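One structure below.
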Amino acid sequence: MYDRIKGFRDFYPEEMQSRRQVMDTVEAIAKQYGFREIGTPALESAEMYADKSGEEILEELYAFEDKGGRSVALTPELTPTVARMAVAKQQELSKPIKWVSTRPFWRYEEPQQGRFREFYQTNVDIFGSSDPSADAEILAVAADALTSLGLTQDDFDFRVSHRDILGGLLESFEGDIETGAAIRAVDKRAKVDHDEYAELLGDAGLSESQIAEFDDLLDTPEDDLDELVAFAGTERVESAVENLQAVLAATADFGVREYCTLSLTTARGLDYYTGVVFECFDSTGEVSRAVFGGGRYDDLIEGFGGQPTPAVGFAPGYATLSLLCQRAGVWPEEELTTDYYVLQVGDTREVAADIARELRERGHIVESDVAGRSFGAQLDYADSINAETVVIVGEQDLEDDNVTLKDMESGDQVHAAVDSFPGDHERPTFDDFAK
RNA sequence: UCCGGGCUGGGGUAAUGGUAUCCUUUGGGCUUGUGGUGCCCAAGACGCGGGUUCGAUUCCCGCGCCUGGACCCA
């Protein structure tokens, strides 16, 4: 017996079926918006991550030297890869570039709730548009994906913020302030107690009165965003506020405004975000962390050696998304489904195989005996795979040119002429042959 | 990397310083023709290593894994 590697998971058929359904739903929505699926490598140059996030990041990666002496890493996220891909073909790709991808990622971290060393994400990104419609479309895809999973406004909430508003406000304060540290402090506001939060802001260079003032500003309601402009008096804050308002207005046109709440205290930890950022939260707060997040990262492509290219995207991870769905009671049943089990009694394989083939041609899930089992054992098995209908192909029935249809839920049975089964029926059941 | 809780057949449990209970599960059978209720047979466990002891699943130590949290969340 070998053990599973820590932080990695096996998915058996029942659970996998539910996961597949959820991932397909999310991807289908993105594809309806014209996001095109891409395929990407599991390994990238370790340097790509070190350059973007610093050498320390390698500690949290599966990074190693391959047999050719290259320093490589299992991809911990998709953004650098898609940035690389966009840069490589920036001339020939028509803009905006809209890509979607679902696949595993790996990080060498301590597993905990909603976090594993191997995890699956769907990345949805738009490159080449700085228009607020692009930001809003990302929010719309995210909202549509969640609602098509059966989630409602009562289940989740997109907390929308803007990096430039935070940065711009901080910039307008007197003194030597570390913007990055201050933004990270804001990101922690809901998580730590107030004193600790104030201390973090203090460390970032804000005075006590500035901390109070800044904190007040973060609570500015949506209708009073102009007050922020007046406070800062800078063009940066003014255009950031305008941009945020334009994005929110666009989400209204796209029919997803109701899922978005202004929340200036939402910052996202990442340094590379530049404009609108948002995080999806479980409305009840039972999922203790953000379910997923996204935002605008206009400078990243240029940082990867490309021409300046605006970008916005989001990336739901299925570990937290499944927690949200389960909490809301919309996680798909983890139960196998089978349309037909074709049961053989005696030497009836040929007829049974014919019937099974015809049913499969109609698109159904059909199983038959491949283990030489007895009648009872076959019925047992049919029950265990939740077969809806069992087609009994037995020597006795065949003498009268019949097969028997058994509805597994009720146990009712009816004869059907073997010549007319499945015949013209697309999905024949007990009811179609019962008088 | 750090902190807390945990670890007995595949799953859930019981007891115990002298190798383990019950339920469930899995496979087979109860005239190769009736499952989801029965019966019979079979399979299957003390996470790993060390220590104490005549003897450790039990007590002690270390490690591993699971779980929750911190850090981090790119």
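Here is the naming used below: chain letters follow the sequence lines, and residue numbers restart at 1 for every chain. A quick note: this is a predicted structure, and the numbers were derived from the prediction, not measured. Computation of the quantities below employed the complete heavy-atom set of this structure, encompassing side-chain atoms and omitting hydrogens, waters and symmetry-equivalent molecules.
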What distance, rounded to whole Å, do you find between the two [atom1] atoms, one in [N] and one in [M]?
| N | M | atom1 | answer |
| --- | --- | --- | --- |
| C65(B) | C48(B) | P | 15 Å |
| U52(B) | G12(B) | C1' | 33 Å |
| U1(B) | U53(B) | P | 34 Å |
| A15(B) | C54(B) | P | 29 Å |
| C59(B) | G5(B) | P | 15 Å |
| U37(B) | A42(B) | P | 24 Å |
| A14(B) | G47(B) | P | 15 Å |
| U24(B) | C60(B) | C1' | 35 Å |

Could you verify whether a donor N or O on one side chain and an acceptor N or O on the other, from [X] and [Y], lie under 3.5 Å apart?
| X | Y | value |
| --- | --- | --- |
| Gln378(A) | Tyr341(A) | yes |
| Tyr273(A) | Asp298(A) | no |
| Glu44(A) | Thr81(A) | yes |

Reckon [X] touches a base, only the sugar-phosphate, or nothing at all at heavy-atom distances under 4.0 Å?
| X | result |
| --- | --- |
| Glu395(A) | base |
| Glu59(A) | nothing |
| Gly7(A) | sugar-phosphate |
| Gly394(A) | base |
| Tyr49(A) | nothing |
| Arg373(A) | sugar-phosphate |
| Leu343(A) | nothing |
| Gln344(A) | nothing |
| Gly372(A) | nothing |

Does [X] get its side chain close enough to the base of [N], under 3.5 Å, for a donor-acceptor pair?
| X | N | value |
| --- | --- | --- |
| Asp383(A) | G35(B) | yes |
| Arg289(A) | C73(B) | no |
| Gln113(A) | G68(B) | no |
| Arg115(A) | C72(B) | yes |

Please tabulate, one pair per line, all N/O donor-acceptor pairs under 3.5 Å involving side-chain atoms of residues 198-207 of chain A, not counting sequence neighbours.
unit_1, atom_1, unit_2, atom_2, d
Ser207(A), OG, Ser209(A), OG, 3.3
Ser207(A), OG, Gln210(A), N, 3.2
Ser207(A), OG, Gln210(A), OE1, 3.3

Partner nucleotide, any strand, of [N] [Watson-Crick/G-U, under 3.5 Å]:
| N | value |
| --- | --- |
| C22(B) | G12(B) |
| G17(B) | none |
| U1(B) | A70(B) |
| C59(B) | G51(B) |

Q. OP1, OP2 of C72(B) versus side-chain N and O of Lys188(A): anything below 4.0 Å?
A.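 Checking C72(B) against Lys188(A), a side-chain N or O does come within under 4.0 Å of OP1 or OP2.
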
Q.
Does a side-chain N or O of Gln112(A) approach OP1 or OP2 of A70(B) to a distance below 4.0 Å, or not?
A.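 For A70(B), OP1/OP2 do have a side-chain N/O of Gln112(A) under 4.0 Å.
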
Q) Can we say Glu60(A) and Arg117(A) salt-bridge, meaning some charged N sits less than 4.0 Å from an Asp/Glu carboxylate O? A)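 Salt bridge flag = no for Arg117(A) with Glu60(A).
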
